[in-house]
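Atoms considered below: every heavy atom in the structure, side chains included; atoms not considered: hydrogens, waters and symmetry mates. When a residue number appears, it is its place in the shown sequence, counting from 1.
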Amino acid sequence: MSSSGYVNAGSLLDISSSLSASVREDVLSSILYAQLTSTKSYPEFKDFNAWHAKCTGALKFLFYKESGRLGDGFFSSSVDKSVTFESLVRQRLTPLLAPDECSSLDLLLQHTVSLELQSPGLDLLTRYSVEAGGAESSSAPVVNRMRIHVGMVDESATLRMLTINLATRTPIEPDFLNQRFMSSEIVGDVETKCFVAQLDEDYAEYKRKWVLDTLGRRREKEVESLY
């Protein structure tokens with residue numbers, strides 16, 4: 001499947017080239033809007049469940065017709081000695097994809113984990129996906145957090161998106177996409193949530209202009225092409 005990859009604020013997106021340019025732009029703008037409005041309401045990463053509910057609610061408001069929520073995942077720190085961004089994506093997102101989409105996911109991950117430090121794409125993703133922590137109480141250790149999305153959009157404009165939420169006592173490195181997070185340092189469970197929905201044709205008529213007007217110049221600043 002021919003596709004294009006993007007960093008869209010805190011999301012990594014692979015979008016089918018079979019979609020028209022206008023629909024690809026609709027996908028990018030709508031997902032960006034959903035992230036920004038959710039972060040405005042819940043700026044702290046520890047509010048993950050409330051943030052995610054706001055984000056999926058915003059997507060539904062923008063005429064994403066939900067077609068399946070295939071379970072939320074919890075990875076106990078006692079199960080594996082360590083986890084990586086890539087291992088979590090492959091474990092949770094691959095079962096939702098067709099074989100040709102798995103090849104597209106491979107391409108997206110290949111480009112993502114190869115992003116150079118200080119590149120525009122990694123800088124953008126880091127700003128939205130990493131929260132350097134403070135102590136949750138005066139006696140507690142510093143907790144750092146990562147919240148990141150990976151989405152695949154097929155030729156029918158159906159979005160299959162995985163959101164990963166991780167808290168760790170280990171400092172999150174600049175090259176966090178390749179970082180191995182040890183289970184002994186993970187706070188609580190690594191949470192993953194899946195969202196499957198199709199962008200309805202009504203978006204173009206009823207929401208497109210409103211979203212673009214709301215985003216203004218941020219649309220250009222918060223999206224970076226990968227390939």
Side-chain donor/acceptor of [X] to backbone N/O of [Y], under 3.5 Å:
{"X": "Thr56", "Y": "Ala53", "answer": "yes"}
{"X": "Gln179", "Y": "Glu173", "answer": "yes"}
{"X": "Ser16", "Y": "Ser18", "answer": "yes"}
{"X": "Asp202", "Y": "Phe63", "answer": "no"}
{"X": "Glu224", "Y": "Leu124", "answer": "no"}
{"X": "Ser119", "Y": "Leu115", "answer": "no"}

* Checking side chain to side chain contact (heavy atoms under 4.5 Å, CB included) for the pair Phe85/Thr112: CA distance, chi angles, key distance, verdict? -> CA-CA 10 Å; Phe85 157 76; Thr112 299; 4.2 Å; yes
To the nearest 0.5 Å, how far apart are [atom1] in [X] and [atom2] in [Y]?
{"X": "Lys65", "Y": "Leu159", "atom1": "NZ", "atom2": "CG", "value": "14.5 Å"}
{"X": "Asn165", "Y": "Asn49", "atom1": "CG", "atom2": "CG", "value": "8.0 Å"}
{"X": "Glu191", "Y": "Arg147", "atom1": "CD", "atom2": "CZ", "value": "11.5 Å"}
{"X": "Thr163", "Y": "Arg92", "atom1": "OG1", "atom2": "CZ", "value": "10.5 Å"}
{"X": "Leu93", "Y": "His149", "atom1": "CG", "atom2": "NE2", "value": "13.5 Å"}
{"X": "Ser4", "Y": "Leu13", "atom1": "OG", "atom2": "CG", "value": "11.0 Å"}

Side-chain contact, heavy-atom cut-off 4.5 Å: [X] with [Y]?
{"X": "Val142", "Y": "Arg169", "answer": "no"}
{"X": "Met161", "Y": "Cys194", "answer": "no"}
{"X": "Thr126", "Y": "Asp123", "answer": "no"}
{"X": "Thr168", "Y": "Val143", "answer": "no"}

* Assess whether salt bridge (Lys or Arg N to Asp or Glu O under 4.0 Å) is satisfied between Arg127 and Glu222, documenting all intermediate values. => CA-CA 10 Å; Arg127 284 195 285 115; Glu222 311 297 355; 3.7 Å; yes
* To do: Test salt bridge (Lys or Arg N to Asp or Glu O under 4.0 Å) on Arg160 and Asp154 and set out the steps.
  => CA-CA 9 Å; Arg160 293 172 175 83; Asp154 66 17; 3.1 Å; yes
* To do: Using a strict cut-off of less than 4.0 Å between a Lys/Arg side-chain nitrogen and an Asp/Glu carboxylate oxygen, indicate whether Lys46 and Glu131 qualify as a salt bridge.
  =>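 Salt bridge flag = no for Glu131 with Lys46.
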* Assess whether side chain to side chain contact (heavy atoms under 4.5 Å, CB included) is satisfied between Ser104 and Leu107, documenting all intermediate values. => CA-CA 5 Å; Ser104 295; Leu107 181 63; 5.5 Å; no
For residues [X] and [Y]: do they belong to one hydrophobic cluster (side chain heavy atoms under 4.5 Å, members Ile, Leu, Val, Met, Phe, Trp, Tyr)?
{"X": "Ile164", "Y": "Leu96", "answer": "yes"}
{"X": "Ile186", "Y": "Phe48", "answer": "no"}
{"X": "Phe45", "Y": "Val187", "answer": "no"}
{"X": "Met182", "Y": "Phe176", "answer": "no"}

Could you tell me which non-hydrogen atom of [X] sits nearest to which non-hydrogen atom of [Y], and how far apart they are?
{"X": "Tyr64", "Y": "Ser30", "result": "OH-OG, 2.7 Å"}
{"X": "Leu28", "Y": "Arg219", "result": "CD1-NH2, 3.7 Å"}
{"X": "Ala98", "Y": "Glu101", "result": "N-OE1, 2.8 Å"}
{"X": "Ser29", "Y": "Leu215", "result": "O-CD1, 3.6 Å"}
{"X": "Ser11", "Y": "Ile31", "result": "OG-CG2, 4.0 Å"}
{"X": "Lys54", "Y": "Ser41", "result": "CE-OG, 3.4 Å"}

* What pairs with Ser103 under side chain to side chain contact (heavy atoms under 4.5 Å, CB included), at least two apart in sequence or on another chain? ->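 With sequence neighbours excluded, Ser103 shows a side chain to side chain contact (heavy atoms under 4.5 Å, CB included) to no residue whatsoever.
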* To do: Only counting residues at least two apart or in another chain, list the ones meeting side chain to side chain contact (heavy atoms under 4.5 Å, CB included) with Glu86.
  =>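 By the side chain to side chain contact (heavy atoms under 4.5 Å, CB included) rule, Glu86 matches Thr84, Arg90, Leu109, Val113.
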* Does Trp51 sit in a hydrophobic cluster with other residues, and if so which ones, taking ILVMFWY side chains as linked at heavy-atom separations under 4.5 Å, directly or through other members? ->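 ILVMFWY cluster around Trp51 also holds Tyr42.
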* Asked: So Arg145 and Glu44, salt bridge (Lys or Arg N to Asp or Glu O under 4.0 Å) or not? Walk me through it.
  -> CA-CA 10 Å; Arg145 298 179 183 276; Glu44 296 185 1; over 6 Å; no
* To do: Using the ring of Phe195 (Phe, Tyr or Trp, six-membered ring only), decide whether Lys60 places NZ or CZ under 6.0 Å from its centre and within 45 degrees of its axis.
  =>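 No, a cation-pi geometry is absent between Lys60 and Phe195.
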* Going by distance alone, is a donor N or O of one side chain under 3.5 Å from an acceptor N or O of the other, for Tyr227 and Asp14? ->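 A pair is found: one side chain offers a donor N or O, the other an acceptor, under 3.5 Å apart.
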* In this structure, are over 12 heavy atoms from other groups packed under 6.0 Å from Glu155 atom CD? ->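 Result for CD/Glu155: enclosed.
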* To do: Check the pair Leu36 / Thr214 against side chain to side chain contact (heavy atoms under 4.5 Å, CB included), numbers first and verdict last.
  => CA-CA 11 Å; Leu36 296 181; Thr214 301; over 6 Å; no
* Would you please indicate yes or no on a ring centroid separation below 6.0 angstrom for Tyr203 and Trp210? =>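 Between Tyr203 and Trp210, which both carry aromatic rings, the centre distance is not below 6.0 Å.
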* Determine, stepwise, if the pair Lys207 / Phe61 fulfils side chain to side chain contact (heavy atoms under 4.5 Å, CB included). => CA-CA 9 Å; Lys207 300 296 183 181; Phe61 170 74; 3.0 Å; yes
* To do: Sort out for me which residue in Val89, Leu125, Leu162 forms a side chain to side chain contact (heavy atoms under 4.5 Å, CB included) with Leu12.
  =>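 Filter result, single survivor: Leu125.
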